[in-house]
Trainee: 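Following this message is one structure expressed as C-alpha cells.
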Protein chains: 2
Amino acid sequence: MKKKKYSISELASELEISPSSIRFYEEKGLINPERTKGNQRIYSMRDRARLKLILRGKRFGFSLSEISEMIGFANSEPEEKHQLERSLEYSEKKLSEIAQRKEELELIEKDLLEMKEKFIKRLQKLKE
Amino acid sequence: MKKKKYSISELASELEISPSSIRFYEEKGLINPERTKGNQRIYSMRDRARLKLILRGKRFGFSLSEISEMIGFANSEPEEKHQLERSLEYSEKKLSEIAQRKEELELIEKDLLEMKEKFIKRLQKLKE
DNA sequence: CTCAAACTTAAAGTTAAGTTAAACTTAAAT
DNA sequence: ATTTAAGTTTAACTTAACTTTAAGTTTGAG
C-alpha cells in the first residue's frame with residue numbers, strides 16, 4: 001500500500017501541468033488537498049487519482065463544471081431512492097454522449113484516411 | 001446535381017449555429033463565400049460541406065487553428081514530392097491523435113460504467 | 001541562524017471562441 | 001415607393017480556463 005504524499009510541484013510535474021492549474025482546479029472546487037501546519041498543500045494518492053480523472057475528462061471535451069458535476073455524483077453516497085435514480089440517469093446520459101462522440105470520431109477518421117490515400121496515390125504517380 | 005445556394009441565415013439555421021459564428025469562421029480564414037452584387041454572402045454546397053467539416057472537427061476537440069491547418073492540407077494540390085510527403089506525414093499524425101482519443105474515450109467509458117453499476121447495486125439493495 | 005527554493009494568496013492579464021450592439025445598407029413584400 | 005426583414009462592418013463585451021505578477025511565508029540545507 002502506497003501512502004505517498006505529493007507537494008504541489010511534484011504532482012504538477014508528474015501530471016505535466018502547472019502548479020497554478022492545480023490551484024485553479026481547487027479554486028473551482030474540483031479538489032481539496034490537506035494542508036501542512038504552514039498552510040502548504042499536500043496531495044494524497046486519492047487526490048492524484050482525482051486529478052487524473054479531471055485531465056481525462058478535459059481531453060474528452062468535458063468542461064470543468066461538467067467534470068465537477070460528475071465528480072459530485074461519483075462521490076456522493078446517495079442513499080435516497082430518488083437521488084440514486086437521478087445519478088443513474090446522469091451516468092446513462094453521459095454514456096450516450098460518449099457513444100455519439102465515438103461515431104463522430106469514426107467520421108473524422110474516415111475523412112483523414114481519404115486524405116491520406118489521396119496523398120499516397122499522388123506520390124505513386126510521381127514515381128512512375 | 002444540386003447547385004443550391006444559401007444565405008447566411010439559411011445555412012446557420014440548417015447547421016444550428018448562429019450567423020455570427022459563420023462570420024467569425026470567415027474572419028478566421030476558414031471559409032470564403034461569394035458575395036452578391038450588394039455584398040451579401042452566398043454559400044455554395046461546397047461551403048456548406050466545409051462548414052460541416054469545421055463543426056465536426058470542433059466537436060472532436062480540434063481548435064479552429066488546427067482545423068484551419070487541416071483544411072489547408074486537404075485543399076492544397078501539392079505536386080511537389082516534398083510537399084506531398086509533408087502532407088502525408090501530417091495526416092498520419094492526426095490519425096494517431098485520433099487513435100489516442102479513442103483509447104481515452106474507452107477509459108472514460110469504463111469509469112462511467114463502473115459508476116453506473118454502483119448506482120444500480122445500491123438501488124437493488126434498497127429494494128430488498 | 002541564514003538564505004534560497006518552494007510555497008502562499010489575491011488580483012490582473014491572456015487567449016480562444018464566440019456574442020452583442022450600433023450604425024448603416026440591401027432585398028423582398030405590399 | 002415604402003416599409004421591414006435580413007444583411008453588412010467594426011468594435012466592444014463575455015466566458016472559460018488558465019497564466020503571470022506581486023508581495024509575502026514556510027521549508028530544508030548548510
Side-chain angles (χ1 to χ4, degrees), chain A residues 4-44 47-48 50-72 97 101 104 108, chain B residues 4-44 47-48 50-72 97 101 104 108:
Chain A
K4 195 159 188 305
K5 304 279 178 167
Y6 303 79
S7 76
I8 195 166
S9 55
E10 279 169 349
L11 191 52
S13 82
E14 200 194 305
L15 301 180
E16 306 196 282
I17 56 178
S18 75
S20 336
S21 308
I22 299 184
R23 289 189 198 102
F24 178 75
Y25 297 147
E26 182 177 344
E27 209 176 301
K28 293 279 145 170
L30 293 158
I31 32 174
N32 253 83
E34 284 173 51
R35 299 292 185 125
T36 64
K37 195 140 283 184
N39 200 34
Q40 293 186 196
R41 294 164 175 86
I42 340 167
Y43 298 88
S44 65
D47 291 323
R48 178 175 152 286
R50 170 167 295 202
L51 266 169
K52 282 191 136 184
L53 187 76
I54 293 169
L55 296 178
R56 211 182 295 144
K58 268 171 43 65
R59 257 165 295 144
F60 170 65
F62 286 133
S63 73
L64 290 189
S65 59
E66 281 175 302
I67 294 171
S68 153
E69 206 187 351
M70 279 181 54
I71 288 175
E97 270 176 51
R101 288 292 173 110
E104 275 167 9
I108 290 208
Chain B
K4 196 162 188 307
K5 304 280 178 166
Y6 303 80
S7 76
I8 195 164
S9 55
E10 279 170 348
L11 191 52
S13 83
E14 200 195 305
L15 301 181
E16 306 196 283
I17 56 179
S18 75
S20 336
S21 309
I22 299 185
R23 289 190 199 101
F24 179 73
Y25 297 147
E26 181 177 342
E27 208 176 301
K28 292 281 146 170
L30 293 158
I31 31 174
N32 253 84
E34 282 172 53
R35 302 290 185 125
T36 64
K37 194 139 285 184
N39 201 35
Q40 294 187 196
R41 294 165 176 85
I42 340 167
Y43 298 87
S44 65
D47 292 322
R48 178 174 152 286
R50 170 167 294 200
L51 265 170
K52 284 191 136 186
L53 187 76
I54 293 168
L55 297 179
R56 209 183 298 144
K58 267 171 46 66
R59 257 166 295 146
F60 171 67
F62 286 131
S63 73
L64 291 188
S65 59
E66 281 175 302
I67 294 171
S68 154
E69 205 188 355
M70 280 182 52
I71 288 176
E97 271 176 51
R101 289 291 173 108
E104 275 165 11
I108 290 208

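What you see below is based on every heavy atom in this structure, not just the backbone, and it leaves out hydrogens, waters and symmetry mates. Please read these numbers as outputs of a predicted model, since none were measured by experiment. Proteins come first, then strands; the chains are lettered A, B, ... in the order of their sequence lines, and each starts at number 1.
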Trainee: In whole Å, what is the span from the CD atom of B/E10 to the P atom of C/dA28?
Mentor: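 Answer to the nearest Å: 11 Å.
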Trainee: Going by the rule salt bridge (charged side-chain N to carboxylate O under 4.0 Å, His left out), which residues pair with B/R48 if we only count those two or more places apart in sequence or in a different chain?
Mentor: B/E14
Trainee: Nearest whole Å is fine: how far is C/dG18 P from B/I54 CD1?
Mentor: 10 Å
Trainee: How many whole angstroms separate atom CD of B/E66 from atom P of C/dT15?
Mentor: 18 Å
Trainee: Is it true that atom CD of B/E34 has more than 12 heavy atoms of other residues, nucleotides or ligands lying nearer than 6.0 Å?
Mentor: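 Atom CD in B/E34 is not packed in, count stays at 12 or less.
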Trainee: Are A/E26 and A/R35 close enough for a salt bridge, meaning some N to O gap below 4.0 Å?
Mentor: yes
Trainee: Phosphate oxygens OP1/OP2 of C/dT9: is one of them under 4.0 Å from a side-chain N or O of A/R35?
Mentor: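 Yes, because at least one side-chain N or O of A/R35 sits under 4.0 Å from OP1 or OP2 of C/dT9.
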Trainee: Show the numbers, then the answer: is there a side-chain contact (heavy atoms from CB on, under 4.5 Å) between B/F24 and B/L64?
Mentor: CA-CA 11 Å; B/F24 179 73; B/L64 291 188; 3.6 Å; yes
Trainee: Rounded to the nearest Å, what distance is computed from the CD atom of residue B/E27 to the P atom of nucleotide C/dT19?
Mentor: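 Roughly 13 Å, once rounded to whole Å.
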Trainee: Can you check whether A/R23 has a side-chain N or O nearer than 4.0 Å to OP1 or OP2 of C/dA6?
Mentor: no
Trainee: One character per nucleotide, please: for nucleotides 15-30 of chain D, 5' to 3', B when the base has a protein heavy atom closer than 4.0 Å, S when only the sugar-phosphate does, - otherwise.
Mentor: --BBSB-----SS---
Trainee: What is the distance, rounded to the nearest whole Å, between atom CG of B/L55 and atom P of C/dG18?
Mentor: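 That distance rounds to 9 Å.
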Trainee: Given the ring of A/F62, does A/K58 sit roughly above its face, with NZ or CZ under 6.0 Å from the centre of the six-membered ring and within 45° of the axis?
Mentor: no
Trainee: How close or far is atom C1' of C/dA6 from atom CD1 of A/I8, stated in whole angstroms?
Mentor: 11 Å
Trainee: Just the rounded figure in Å: distance from P of C/dA6 to OH of A/Y6.
Mentor: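 To the nearest whole Å, that distance equals 19 Å.
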Trainee: Nearest-Å distance, CD (A/E26) to P (C/dC7)?
Mentor: 14 Å
Trainee: Please determine whether side chain to side chain donor-acceptor pair (under 3.5 Å) holds for the pair B/S65 and B/S68, giving the CA-CA distance in whole Å, both sets of side-chain angles, and the decisive distance to 0.1 Å.
Mentor: CA-CA 5 Å; B/S65 59; B/S68 154; over 6 Å; no
